[in-house]
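Following: one structure in structure tokens, then a few remarks.
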Amino acid sequence: MTTKKQFFTTPIYYVNAKPHLGHAYTSIATDVATRFKQMDAYETFFLTGTDEHGDKIVQAAQAQETTPKAYADKISKLFQDLLPVLNVKNNYFIRTTDPYHIKIVQDILSKIYDSGDIYFSSYEGLYCFGCERFYQERELVDGKCPDHGVAPEIIKESNYFFKMSKYQEWLINHIKANPDFIRPEQYKTELLSFLKEPLEDLCISRPKSRLTWGINLPFDEDYVTYVWFDALVNYISALGYPDGELFKKFWTSARHFVAKDIIKPHGIYWPIMLKAAGIPIYKGLNVHGFWNVKGSKMSKSIGNVTDPIQVTDIYGVDPFRYFLMREMVFGLDANFTEETIIYRINADLANDLGNLFSRILSMNLRYFKGEVKGKNNKIEKEKNLSLSSDANRAIEEFKQAMEFCEFHKGLGAIWQFISIMNKYIDTHKPWDLAKDEANIPILETILYNLIEGLRVVSCLIYPIMPQTSLKMQKTLCMEKENMGFYTLKETSVWEQVKKGTIMEKPDSLFPRIDIDKIKPKETTAQTKPFKPALKEQITIDDFAKIDLRTGTVISAEKIEKSNKLLKLKIDLGAETRQIIAGIAKDYTPNQIIGKQVIVVANLKEATLMGETSQGMILAANHKKNLVLSGFDKEILPGNPVK
């Protein structure tokens with residue numbers, strides 16, 4: 001039995017909104033890494049889950065007129081249901097509302113409190129409600145939260161604090177002594193740069209006067225714990241810390257997959273929490289970049305969040321997994337467009353891999369009725385027909401790249417081998433050899449090498465495209481019965497396809513995508529021009545009287561006894577406005593929170609249903625519905641709209 005162990009985790013996803021492309025990428029990347037390690041003869045454990053406490057969950061639940069727990073149950077199920085759609089094979093799914101997790105969080109809090117590393121104090125600081133954390137001035141961008149673009153509010157209250165500053169030098173030394181602790185390299189540099197400044201102690205509580213939806217502090221019933229001190233503990237509570245067999249077996253091999261926006265909690269808070277609690281430190285972090293849609297980071301506020309279920313419905317699971325792993329350089333940002341995914345499917349999958357698979361097996365069917373004839377060793381050596389060295393090079397380059405989450409390079413190594421095989425066919429021209437009986441032993445040898453090459457490709461693509469891997473192996477009569485995949489060691493053994501095997505006509509692996517069939521054609525009614533009568537003309541001076549500003553919706557709720565109106569709180573940069581908008585039939589409160597809108601800022605106040613409205617937001621009529629006006633990039637609130 002293998003002694004090599006590997007524990008991989010995704011971050012536990014916050015249930016303030018349904019899953020999007022970014023969540024899908026992290027889950028798939030972690031799944032790919034896990035499957036690769038299994039191929040490399042590791043025993044693995046793969047954890048994912050949902051983070052369910054905090055202010056934003058309460059706000060989202062209120063907007064839907066339900067309880068925080070009922071809301072968390074609903075959204076957590078969406079994340080759980082997404083995993084099989086993406087063919088993600090996690091071992092366990094944890095929720096921070098699970099009773100055993102709550103107990104472990106309280107046990108660790110008590111342990112650190114008893115050691116003297118948690119103390120009570122008053123604090124005044126800059127607090128971002130979107131991030132649910134205090135910020136230091138140096139962390140802000142133009143005085144605003146770097147993630148939400150909103151100026152934090154100054155809050156003064158008494159809370160419990162964790163002595164992070166006590167462990168700052170230890171953490172710096174640990175990062176420097178373990179070069180592989182944070183990768184890629186640029187994120188290690190980023191953290192060390194941040195740690196050059198004095199590290200402030202971490203506020204780890206929230207008073208129940210402000211928040212009740214959280215885990216009670218075991219040493220003060222008037223407070224709940226800060227959401228990060230709750231969430232991060234999932235990585236060990238899921239393994240049965242402190243005495244569970246899974247914890248003993250897997251914990252010290254843990255590598256966490258995270259996006260770059262949560263590197264600080266994982267790279268600073270978490271290792272220091274573990275150190276203070278006397279728990280061994282995890283092995284390391286794998287940090288990836290953002291997916292940009294429509295030219296900017298995915299954001300509910302600008303309406304560019306991509307639904308992974310819709311993408312897989314249109315293009316298929318394996319092509320989607322391939323695209324994500326091939327397109328993003330791990331650690332850097334990447335762009336998601338429909339044109340790019342179609343290009344990858346048509347060029348890489350349909351043309352390169354799909355055509356090669358069909359081409360080789362169709363020739364074998366045509367010339368030898370599907371029977372694998374084997375090879376002539378003497379002819380192979382004399383004419384230098386072996387593809388084994390090219391296959392071994394691809395396997396080794398694939399392994400080196402995948403070990404460091406360089407998924408695009410791993411796939412590049414496979415596609416380089418596919419290119420070599422295509423050139424091999426064009427160079428040796430099997431169709432010409434088949435015309436002369438004397439050349440049949442050469443033809444047999446060539447086709448045997450090509451079929452062996454297909455076997456290697458089918459094995460190597462398994463972590464990224466497991467369904468396609470299985471389909472290819474079934475056609476090659478090489479289906480693995482016990483594990484469902486071949487290890488790297490097994491893959492590297494040349495000449496595994498048995499002479500005399502009969503292979504059937506192959507099905508198409510990847511049909512080409514016709515973009516005209518993907519995008520629904522507009523009906524005559526849709527294409528008919530809509531020409532409402534224009535209002536009376538105005539001058540440029542008239543228009544200049546209208547003060548249009550960018551705004552970000554920070555809260556929304558229905559107005560009692562109205563099925564049309566929503567009461568919105570909108571951040572205008574220098575101030576927060578209340579605006580009553582007649583959009584309740586087209587947008588739920590949860591859908592509009594975080595959206596950027598255009599506000600008529602100098603409209604006189606009005607009273608609607610007993611509520612004051614301090615402006616108006618702009619929307620367009622579309623098929624009897626309202627669609628909010630917005631922007632194709634995230635804009636700071638309060639900017640003039642011209």
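FYI, side chains are in, hydrogens and waters are out, and symmetry mates aren't considered; it's all heavy atoms of this structure.
Arg321 CZ to Asn87 CG: the interatomic distance, rounded to the nearest 0.5 Å, is 5.5 Å. The structure places NE2 of His23 at 13.0 Å from CD1 of Ile28, a figure rounded to the nearest 0.5 Å. The CD1 atom of Ile236 lies 11.5 Å from the CG atom of Leu47; values are rounded to the nearest 0.5 Å. Taking CD1 of Ile440 as the start and CG of Leu433 as the end, the distance is 8.0 Å to the nearest 0.5 Å. Remark: Asn91 CG to Thr44 OG1 distance equals 6.0 Å, nearest 0.5 Å. Between the NE2 atom of His266 and the CG atom of Leu285 there is a distance of 7.0 Å, given to the nearest 0.5 Å.
No donor-acceptor pair under 3.5 Å is formed between the side chain of Thr50 and the backbone N or O of Arg95. Judged by distance alone, the side chain of Asn178 and the main-chain N or O of Asp180 form no donor-acceptor pair under 3.5 Å. Panel note: side chain Ser253, backbone Phe250; a donor-acceptor pair is recorded below 3.5 Å. For the pair Thr445 (side chain) and Asn376 (backbone), a donor-acceptor distance under 3.5 Å is present. Side-chain atoms of Ser419 never come within 3.5 Å of backbone atoms of Trp415 as a donor-acceptor pair (strictly under, hydrogens ignored). Under the 3.5 Å distance criterion, the side-chain polar atoms of Asn346 are left unmatched by any main-chain donor or acceptor of Arg512. Proximity of a side-chain donor or acceptor of Thr312 to a complementary backbone N or O of Ile309 within less than 3.5 Å is detected. Of the possible polar contacts, none joining the Tyr367 side chain to the Leu447 backbone as a donor-acceptor pair under 3.5 Å is found. Side-chain N or O atoms of Asp318 include one that pairs as donor or acceptor with a backbone N or O of Thr468 at under 3.5 Å. Under the 3.5 Å distance criterion, the side-chain polar atoms of Lys429 are matched with a main-chain donor or acceptor of Asp426.
Residues Gly49 and Thr10 share a closest heavy-atom pair of N-OG1, 4.3 Å. Pairing each heavy atom of Met39 with each of Cys459, the nearest pair is CE-O, 3.4 Å. Here the closest heavy-atom approach between residue Ser469 and residue Ser458 is recorded as OG-O, 2.6 Å. When all heavy atoms are compared, the tightest approach of Val32 to Pro463 is CG2-O, 3.3 Å. Listed here is the closest heavy atom pair of Gly331 and Pro184: CA-CG, 3.9 Å. Pairing each heavy atom of Trp431 with each of Met363, the nearest pair is CE3-SD, 4.4 Å.
Ring centroid separation for the pair Tyr241 and Phe247 comes in under the 6.0 Å cut-off. The distance between the ring centers of Tyr315 and Phe320 does not fall below 6.0 angstrom. For Phe336 and Phe323, the distance between ring centers is under 6.0 angstrom. Taking the centre of each ring, His288 and Phe257 stay at or above the 6.0 Å mark.
For the residue pair Glu380/Asn449, the side-chain donor-acceptor check at 3.5 Å is satisfied. In summary, the side chains of Thr34 and Gln38 do not present any donor paired with an acceptor at a separation below 3.5 Å, with no hydrogens or angles considered. There is no side-chain donor-acceptor pair under 3.5 Å between Tyr25 and His20. Between Arg183 and Asn286, the side chains place a donor N or O and an acceptor N or O closer than 3.5 Å (distance only, hydrogens not considered). Donor-acceptor pairing under 3.5 Å is lacking for the side chains of Thr30 and Ser27.
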Worksheet item: salt bridge (Lys or Arg N to Asp or Glu O under 4.0 Å) between Lys188 and Glu190: does it pass, once the steps are laid out?
Response: CA-CA 5 Å; Lys188 180 177 75 174; Glu190 179 182 319; over 6 Å; no
Practice prompt. Tell me, with the steps shown, if Thr491 and Val456 meet side chain to side chain contact (heavy atoms under 4.5 Å, CB included).
Written response: CA-CA 6 Å; Thr491 302; Val456 170; 4.2 Å; yes
Practice prompt. Decide yes or no on salt bridge (Lys or Arg N to Asp or Glu O under 4.0 Å) for Glu444 and Lys375, but give the supporting numbers first.
Written response: CA-CA 6 Å; Glu444 292 174 346; Lys375 66 188 183 70; over 6 Å; no
Worksheet item: What's the verdict on side chain to side chain contact (heavy atoms under 4.5 Å, CB included) for Val372 and Ile451, showing C-alpha distance, side-chain angles and the deciding distance?
Response: CA-CA 8 Å; Val372 178; Ile451 292 170; 4.1 Å; yes
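Counting heavy atoms from C-beta outward, Phe45 and Thr9 have side chains that stay 4.5 Å or more apart. Looking only at side-chain heavy atoms (C-beta outward), Ile360 and Leu454 come within less than 4.5 Å of each other. Residues Leu192 and Ile175 meet the side-chain proximity criterion, which asks for heavy atoms closer than 4.5 Å. Annotation: side chain of Ile461 is in contact with side chain of Met472 (closest heavy-atom distance under 4.5 Å). Counting heavy atoms from C-beta outward, Ile414 and Leu411 have side chains that approach closer than 4.5 Å. Side-chain contact between Leu361 and Lys505 is absent, with no heavy-atom pair separated by less than 4.5 Å. For the pair Trp494/Asn392, no side-chain contact is recorded, criterion being any heavy-atom separation below 4.5 Å from C-beta on.
For NZ of Lys489, the number of neighbouring non-hydrogen atoms (other residues, nucleotides, ligands) closer than 6.0 Å is 12 at most. Within a 6.0 Å sphere centred on CD of Gln186, heavy atoms belonging to other residues, nucleotides or ligands number more than 12. Annotation: Tyr92, atom OH; neighbour count of heavy atoms from other residues, nucleotides and ligands within 6.0 Å is above 12. Heavy-atom neighbours of Lys471 NZ from other residues, nucleotides or ligands within 6.0 Å: above the threshold of 12. Within 6.0 Å of NZ on Lys399 lie no more than 12 heavy atoms contributed by other residues, nucleotides or ligands.
In this structure, Phe398 and Phe36 have perpendicular ring planes: the angle between them is above 60°, well past the 30° mark. Note: Trp270 and Trp251 have perpendicular aromatic rings, judged against thresholds of 30 and 60 degrees for the angle between ring planes. Ring pair Tyr13/Phe79 is parallel by interplanar angle, where below 30° counts as parallel and above 60° as perpendicular. Relative orientation of the Tyr282 and His256 rings is tilted, given thresholds of 30° and 60° on the angle between their planes.
Comment: Lys248 engages Glu245 in a salt bridge, judged by a side-chain N to carboxylate O separation of less than 4.0 angstrom. Taking the charged nitrogens against the carboxylate oxygens, Lys249 and Glu43 do have a contact shorter than 4.0 Å, which makes a salt bridge. In this structure, Lys435 pairs ionically with Asp432, as a charged nitrogen and a carboxylate oxygen lie closer than 4.0 Å. Between Glu495 and Arg455 no salt bridge is recorded (no basic side-chain N to carboxylate O distance below 4.0 Å).
Exactly one residue among Ile345, Val317, Ile341, Asp348 makes a side chain to side chain contact (heavy atoms under 4.5 Å, CB included) with Tyr322. That residue is Asp348.
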